[in-house]
Amino acid sequence: MTVKQLQEEILTLKKQKNVIILAHYYQPIEIQEIADYLGDSLGLSRTTKEKANTDYIIFAGVDFMCETASILNQDKHIMIPNYESCCPMAAFLTPEMVREYKEKHPGLPVIVYVNSTAAVKAESDICCTSSNAVEIVKRISKEFSTKEVLFGPDANLADYAEQESGIKCWQMPSHGHCYVHSQITVDDIVEIKKKYPNAKLLVHPECIRGVRELADIVGSTARMYNYVKENSSKVIEFIIGTEVGLLERMAQDFPTNKFYLAKEKLVCHNMKKHNLELIKYILENLDDEAFEVKVPPNVAKRAKKPIEKMLEYS
Ligand code: 13P
Ligand code: SF4
């Protein structure tokens with residue numbers, strides 16, 4: 001069966017069964033093409049809370065995204081096409097570690113990046129994504145009348161939020177990182193900028209400080225997409241410092257522009273574990289609980305507060 005045929009079958013099945021499909025920008029392009037909603041982690045969280053009006057949601061993203069959808073929609077079935085699709089960054093921070101940091105820094109607000117487990121979110125005061133981290137740090141520090149916050153698990157995002165907000169962000173832990181973004185080096189950027197001197201450089205805040213400081217724009221996947229959309233008639237070339245899926249989306253949507261990956265092989269293998277065959281299987285077997293992501297109600301109840309607070313503040 002061709003990709004096109006498989007996509008058509010999926011579109012028919014999802015209509016018949018009244019299912020919606022959400023996909024992150026890092027998904028394989030053939031999955032992005034059949035999604036009802038495509039977005040960054042903040043946009044997809046909002047969508048599951050505000051627009052997802054079907055009993056079943058197929059979520060083509062990594063585990064923490066599906067868990068967030070489950071926390072916000074305990075009455076719905078959140079289906080993940082491949083249950084091995086996880087974000088390794090989440091493993092850098094456990095609930096026990098958060099409790100230890102809280103004991104060491106009593107009274108400081110705890111901000112947890114959504115790229116974390118539900119149990120870690122349950123220990124936090126508020127969550128954030130890459131698109132609202134700076135704003136959340138400013139708001140919560142004001143609310144707690146403090147100039148310091150605890151922030152984890154991504155040390156690079158914590159560093160970025162600290163630089164932009166002027167608020168001390170204690171990293172939980174100092175080595176938490178994303179293996180995709182942290183592999184981009186300053187030398188990579190210097191080299192690619194030499195090759196394409198007229199290109200604008202867009203990078204994700206999960207990149208290291210030296211890389212971020214060379215960028216024209218630092219932002220979430222949706223922020224980068226919107227920047228290209230707004231500037232595609234004025235700027236021809238863009239260097240993209242994030243996962244290749246976003247570049248593929250941009251290349252399809254803006255065919256007259258040129259896009260270069262900041263470094264070869266910027267692939268999140270965890271995001272790429274989903275495929276069209278798995279999505280079709282789920283549509284045909286919606287009662288297969290192996291593919292359902294369900295956060296236990298006691299954890300979901302505690303984790304819901306910091307997520308909802310984030311949505312309210314951004
Ligand atoms: P966004 O919030 O930009 O979607 O990023 C999520 C992510 O996992 C980045 O690696
Ligand atoms: Fe996690 Fe990095 Fe993949 Fe994003 S790109 S899902 S942070 S491993």
Side-chain angles (χ1 to χ4, degrees), residues 22-28 31-32 35 37-48 59-69 80-93 111-117 120-121 127-136 151-161 173 175-184 202-208 211-212 215 217-229 240-250 261-263 265-274 293 307 310-311 314:
L22 308 185
H24 188 266
Y25 282 120
Y26 296 163
Q27 283 305 298
I31 293 184
Q32 295 189 28
Y37 298 99
L38 181 66
D40 69 353
S41 46
L42 179 64
L44 293 172
S45 298
R46 275 201 195 292
T47 300
T48 57
F59 203 136
V62 281
D63 53 356
F64 77 80
M65 297 179 174
C66 301
E67 285 185 359
T68 303
I80 186 162
N82 184 336
Y83 46 74
E84 289 181 354
S85 176
C86 62
C87 171
M89 184 193 281
F92 281 106
L93 189 60
I111 305 173
V112 159
Y113 189 27
V114 283
N115 300 37
S116 55
T117 63
V120 162
K121 289 183 178 76
C127 290
C128 76
T129 72
S130 59
S131 65
N132 60 20
V134 176
E135 191 52 32
I136 296 289
F151 193 117
D154 186 19
N156 289 313
L157 183 62
D159 182 49
Y160 175 67
H175 59 284
H177 67 277
C178 160
Y179 71 94
V180 182
H181 294 93
S182 61
Q183 68 178 285
I184 308 173
L202 282 52
V203 308
H204 199 275
E206 289 176 9
C207 293
I208 61 167
V211 166
R212 295 193 314 263
I217 293 290
V218 180
S220 75
T221 48
R223 166 95 175 90
M224 287 188 246
Y225 182 89
N226 289 332
Y227 179 82
V228 170
K229 193 173 172 189
I240 306 299
T242 192
E243 213 271 349
V244 65
L246 181 67
L247 181 146
E248 289 171 352
R249 173 82 267 130
M250 290 168 169
L261 211 51
K263 182 187 186 105
K265 302 197 180 84
L266 282 180
V267 179
C268 175
H269 299 289
N270 307 70
M271 281 276 187
K272 303 294 198 233
K273 287 191 174 174
H274 304 311
V293 178
I307 299 171
M310 166 188 81
L311 294 174
S314 49

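Position 1 is the first residue of the sequence, and the numbers go up from there. Any value given below was found using the heavy atoms of this structure, including those in side chains, with hydrogens, waters and symmetry copies removed. Note that ligands are numbered from 1 as they come in the structure, with each ligand's atoms numbered from 1 the same way.
Ligand 1 has a nitrogen or oxygen under 3.5 angstrom from a nitrogen or oxygen of N115.
When non-hydrogen atoms are compared, ligand 2 lies under 4.0 Å from neither the backbone nor the side chain of N270.
Counting only heavy atoms of the protein, atom 4 (Fe) of ligand 2 lies nearest to Y26 CE1, 4.0 Å. The closest protein non-hydrogen atom to atom 3 (Fe) of ligand 2 is C268 SG, 2.4 Å. Protein heavy atom nearest atom 9 (C) of ligand 1, with residue, atom name and distance: E206 OE2, 3.2 Å. Residue, atom and distance of the protein heavy atom nearest to atom 5 (O) of ligand 1 are H204 NE2, 3.3 Å. The protein non-hydrogen atom at the shortest distance from atom 6 (C) of ligand 1 is H24 NE2, 3.8 Å.
Residue E206 places a heavy atom less than 4.0 Å from ligand 2.
A donor-acceptor pair is defined here as one N or O able to donate and one able to accept, closer than 3.5 Å; such a pair exists between the side chain of N132 and the backbone of T129. Counting only distance, with no hydrogens or angles, the side chain of R212 and the backbone of N156 share a donor-acceptor pair below 3.5 Å. Looking at H204, its side chain never comes within 3.5 Å of a backbone N or O of H181 through a donor-acceptor pair.
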Problem set entry | L44 vs F59, side chain to side chain contact (heavy atoms under 4.5 Å, CB included): CA-CA, chis, key distance, verdict | CA-CA 9 Å; L44 293 172; F59 203 136; 3.8 Å; yes
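Taking 2.8 Å as the criterion, C178 counts as a coordinating residue of atom 2 (Fe) of ligand 2, since one of its N, O or S atoms falls below it.
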